[in-house]
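Working notes, structure below.
Everything numeric in this text was worked out from a predicted model, so none of it was measured. Position 1 is the first residue of the sequence; numbering continues from there.
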Amino acid sequence: HNSVTISGTAELRGDVIGGRIEGKATGDVTYNSVIISGGSIESFSNGVCGGYTQGNGVVTGNNVNISGGTVMEMVCGGWSKGNGDVTNNSVIVSGATTAINRDGISGGWSEGSGTAAYNSVIVKDGKIGRETYGGASMNGITEHNSVTLEGGTFEFSVSGGGSMTGVSRYNSVTITGGTIKMDVYGASSDEASVENNEVSISGTPTFNSIYGTDIYGGMVLDNGAATGNKITISGAPDFAEDVEICGGGSAGTGEATGNI
């Protein structure tokens, strides 16, 4: 278990990574962490990451916890540039003055064909300047990833899971507070099906954007079927007039069936 802890008014210019493997080594990256309670971090490549590999090993059980300070690049619980699975990694963000400005958050991220599963993001407060994903894979399956929003401001889209060419299934977004200024997806995929994903909204969150906001249980951005996705709404959320809500949809040739 490797860890990095940053506090006070530290100013860093570079990546902050709990544990990493360079090159094409096949070793796993497991149970590393980064804890940030203050300072500023400006990176020009990999940002802040609990666990990171350039090889094909598994990335699992890594985490990032940010309760203060400013991060200028991506924040990721676990990240693989190879084809290994990325599982059970997490990011927790809190603190009213916390800001992640130029890039977004992902609980787990695979740049190859690895499965991204059971990764999570929890945001309690702060400002998120780019996309938020529970788990994402470029060409692999994304399943059972989650995003929980209890507060904070979100300038870009939020998605439980997302993939370019892989199936996205059983991912979720739970929103009980905060201000959301762009789209929300239980999960999305560019070229494969989205199945049994969910968005749950309760409490008093606010949804508003000058561009309009779409909320989908599951969304296929190109060709693929949207099946069994759903949205549930309770409490007293504040929706702007230009918010559109849809259980599941496909922008290409796929079917939309059994969505709620």
Side-chain angles (χ1 to χ4, degrees), residues 1-6 10 12-36 39 41-66 69 71-93 100 102-122 130-147 159-169 171 187 189-192:
H1 177 93
N2 304 290
S3 66
V4 176
T5 301
I6 299 170
L12 303 178
R13 302 283 188 271
D15 300 334
V16 177
I17 299 174
R20 70 187 297 170
I21 290 180
E22 299 281 357
K24 301 300 181 182
T26 58
D28 298 337
V29 180
T30 61
Y31 303 106
N32 304 287
S33 64
V34 174
I35 301 169
I36 301 171
I41 300 168
E42 184 169 8
S43 167
F44 299 97
S45 54
N46 297 321
V48 174
C49 191
Y52 169 89
T53 184
Q54 294 180 340
N56 291 319
V58 170
V59 179
T60 189
N62 305 283
N63 70 85
V64 175
N65 192 319
I66 303 175
V71 178
M72 299 301 293
E73 294 296 335
M74 183 174 182
V75 175
C76 191
W79 184 353
S80 171
K81 283 184 170 289
N83 294 312
D85 294 341
V86 180
T87 63
N88 291 288
N89 304 286
S90 64
V91 174
I92 299 174
V93 178
I100 300 170
R102 277 202 305 252
D103 214 330
I105 303 174
S106 182
W109 165 229
S110 169
E111 288 194 41
S113 59
T115 295
Y118 296 98
N119 303 289
S120 65
V121 171
I122 299 172
R130 297 290 298 183
E131 293 86 353
T132 300
Y133 283 93
S137 177
M138 186 70 74
N139 298 306
I141 294 169
T142 58
E143 59 185 4
H144 299 287
N145 303 288
S146 65
V147 173
S159 183
S163 179
M164 290 285 289
T165 63
V167 173
S168 292
R169 60 195 182 197
N171 303 285
S189 178
D190 281 26
E191 300 177 7

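With Thr60 contributing its side chain and Thr87 its backbone, the two residues share a donor-acceptor pair below 3.5 Å. No donor-acceptor distance shorter than 3.5 angstrom exists from the side chain of Asn83 to the backbone of Gly112, with no hydrogens or angles considered.
By the side-chain hydrogen bond (donor to acceptor under 3.5 Å, both in side chains) test, Thr30 pairs with no residue at all, sequence neighbours left out. Considering only residues two or more places apart in sequence or on other chains, Tyr31 meets the ring-ring contact (aromatic ring centres under 6.0 Å, His included) condition with none of them. The salt bridge (charged side-chain N to carboxylate O under 4.0 Å, His left out) check on Arg130 picks up nothing, with sequence neighbours excluded.
The salt bridge (charged side-chain N to carboxylate O under 4.0 Å, His left out) contacts involving residues 41-50 comprise Arg13-Glu42, Glu42-Arg102, where partners must be two or more places apart or lie in separate chains. Within the structure, salt bridge (charged side-chain N to carboxylate O under 4.0 Å, His left out) pairs that include any residue of residues 48-59 do not occur (at least two apart or interchain). Within the structure, side chain to side chain donor-acceptor pair (under 3.5 Å) contacts touching residues 132-143 (residues at least two apart or in different chains) are Asn139-Thr165, Thr142-Ser168, Glu143-Arg169.
Closest approach of Ser80 to Gly82, counting heavy atoms only: OG-N, 3.1 Å. Of all the heavy atoms in Ser159 and Gly162, the pair that sits closest is OG-N, 4.5 Å. The nearest pair of heavy atoms linking Ala192 to Val167 is CB-N, 3.7 Å.
For the pairing with Lys81, the side-chain contact (heavy atoms from CB on, under 4.5 Å) check across Asn56, Ile21, Asn46, Thr53 returns one residue only, Asn46.
Using the six-membered ring where Trp is involved, His144 and Tyr118 have ring planes that are parallel, under 30° apart on the 30 and 60° scheme.
Contact of the Glu73 side chain with the Ile100 side chain is not registered, since no non-hydrogen atoms from C-beta on lie closer than 4.5 Å. Side-chain contact between Met74 and Ser106 is present, with at least one heavy-atom pair separated by less than 4.5 Å.
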